[in-house]
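Note sheet for the following structure.
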Amino acid sequence: MNLEKLATETRNQQTMHLDELSVAEMMQVMNQEDQTVAAKVAAEIPQITKVVEAIIKSFNQEGRLIYMGAGTSGRLGVLDAAECVPTFSVDSSMVQGLIAGGMKAMTVAVEGAEDSKELGEEDLKAIELTDKDIVVGIAASGRTPYVIGGLEYAKKVGAATATIACNKNAEISRYAELPIEVEVGPEILTGSTRLKSGTAQKLVLNMLSTGSMIGIGKVYQNLMVDVKPSNKKLEERSKRIIMEATDCTYEEASKAFEQAEQQVKLAIVMILTHSSKEDAAKKLTEAKGFIRKTI
């Protein structure tokens, strides 16, 4: 294994004296380095766009989005998948994060797990991957065997494949139809890819999940109209969303919210189209979940 040629493993000439800096100077250097990440992600927008379109295609045929990675990369995938449930009211199976070594690896390193191609295949078999799904492999280094094994199996099944790496000409890119390569350069702390590389991966994951959910009607204007009101705070947020979307009063929003059995999107359509709950539900079904197509 030759790590010398990987940009993520080289030494950052701007931080060679990191241990001699004051805390304030350290924070300044870290912040300056972090500011370069968004520009690197921006350069990959054409490819990120293609991946979002592929995810939307999978969702429209009742397929799933499967992230898989090891270490920090795997944890970020699990995090993004978990956040889709409350944000967009989707079933937990629709967006899934697989991490080498299983959920134990979220907090404790599982020795050897990321080096097993077989484990990547086994994890996808366990969730019964189909040709309707899309698998996104995540690896800062771009060479994680666990991810490669998963991508190889996904291709056999006929699932769509994409990758997120933080090095150019990444090995995992060769196993994907849609590779994304965000080369952020040397880390502030040599080899610590939870830093700039992790930030880049999080930015891309935000774009993939949010963009694809917008693409299937989970957003109206810039509002989370499919938010799941699982606590009092989210119930109040739901009512504010209804108010913002319809320009109604708090009282009207609260009434519609309860009549719609706490379904924000349904309450909005009821108000905007002056419809009963049943008629609004029918309109939404015909519009395939897009509020704009009901009005």
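Heavy atoms only: backbone and side chains are in, while hydrogens, waters and symmetry mates are out.
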Value for CG (L195) from CG (L189), rounded to nearest 0.5 Å, stands at 6.5 Å
Roughly how far apart are K196 NZ and K40 NZ, rounded to 0.5 Å? 8.5 Å
Inter-residue atom distance E121.CD - S116.OG, 0.5 Å rounding: 9.5 Å
Looking at F290, is K293 sitting on its ring face, NZ or CZ under 6.0 Å from the six-membered ring centre and within 45 degrees of the normal? yes
Assess whether a salt bridge exists between E152 and K117, defined as any Lys/Arg side-chain N lying under 4.0 Å from an Asp/Glu carboxylate O. yes
Identify the residue among V37, V41, L203 that makes a side-chain contact (heavy atoms from CB on, under 4.5 Å) with V182. V41
On a heavy-atom basis, which atom in I99 and which in M103 lie closest, and how many Å separate them? CG2-CE, 4.0 Å
I'd like to check F59 versus L65 (side-chain heavy atoms, cut-off strictly below 4.5 Å). Are they in contact? yes
Heavy-atom side-chain contact between S276 and M270 under 4.5 Å: no
As an exercise, state the distance from CD1 of I241 to CD of Q221, rounded to the nearest 0.5 Å. 11.5 Å
Decide if atom CG of D247 counts as having more than 12 heavy atoms of other residues, nucleotides or ligands within a radius under 6.0 Å. no
Between N231 and E235, a side-chain donor and acceptor under 3.5 Å: no
Evaluate E9 against R143 for salt bridge (Lys or Arg N to Asp or Glu O under 4.0 Å), listing each step before the verdict. CA-CA 13 Å; E9 297 295 329; R143 50 150 303 279; over 6 Å; no
State, yes or no, whether a side-chain contact exists between I216 and N60 at a heavy-atom distance under 4.5 Å. yes
To the closest 0.5 Å, what do you measure between CZ (F257) and CD1 (I242)? 6.0 Å
With a 4.5 Å limit on heavy-atom distance, are the side chains of L76 and I138 in contact? no
Here's a test for you: under side-chain contact (heavy atoms from CB on, under 4.5 Å), which of V219, V95, T87 qualifies with M213? V95
Could you see if L129 belongs to whatever hydrophobic cluster contains I134? Use Ile, Leu, Val, Met, Phe, Trp, Tyr and a side-chain cutoff under 4.5 Å. no
Sort and list the pairs that fulfil side-chain hydrogen bond (donor to acceptor under 3.5 Å, both in side chains) and have at least one residue in residues 46-59, not counting sequence neighbours. none
Closest approach of I172 and G137, non-hydrogen atoms and distance? CD1-O, 4.2 Å
How about E236 and Y250: does a side-chain donor come under 3.5 Å of a side-chain acceptor? yes
If you count heavy atoms of other groups shown closer than 6.0 angstrom to CD of E62, is the number above 12? no
Side chain to side chain contact (heavy atoms under 4.5 Å, CB included), that's the test. Do I45 and M207 meet it? Break it down for me. CA-CA 9 Å; I45 285 177; M207 296 167 86; 4.0 Å; yes
Would you call K282 and E278 a salt bridge, taking side-chain N to carboxylate O under 4.0 Å as the test? no
Looking at side-chain heavy atoms only, is the closest gap between I66 and V136 below 4.5 Å? no
Listing request: all salt bridge (charged side-chain N to carboxylate O under 4.0 Å, His left out) pairs with a residue in residues 176-194, at least two apart in sequence or in separate chains. none
Let me confirm one number: the OG1-CG distance from T15 to N12, rounded to the nearest 0.5 Å. 4.0 Å
Within a strict 4.5 Å, meaning less than it, do heavy atoms of the Y220 and L272 side chains meet? yes
Does any donor atom in the side chain of Y67 or D80 lie under 3.5 Å from an acceptor atom in the other side chain? yes
List the residues meeting side-chain hydrogen bond (donor to acceptor under 3.5 Å, both in side chains) with T246, not counting sequence neighbours, and say none if there are none. none
Quick test of your reading of the model: are K255 and E252 salt-bridged, counting only N-O distances below 4.0 Å? no
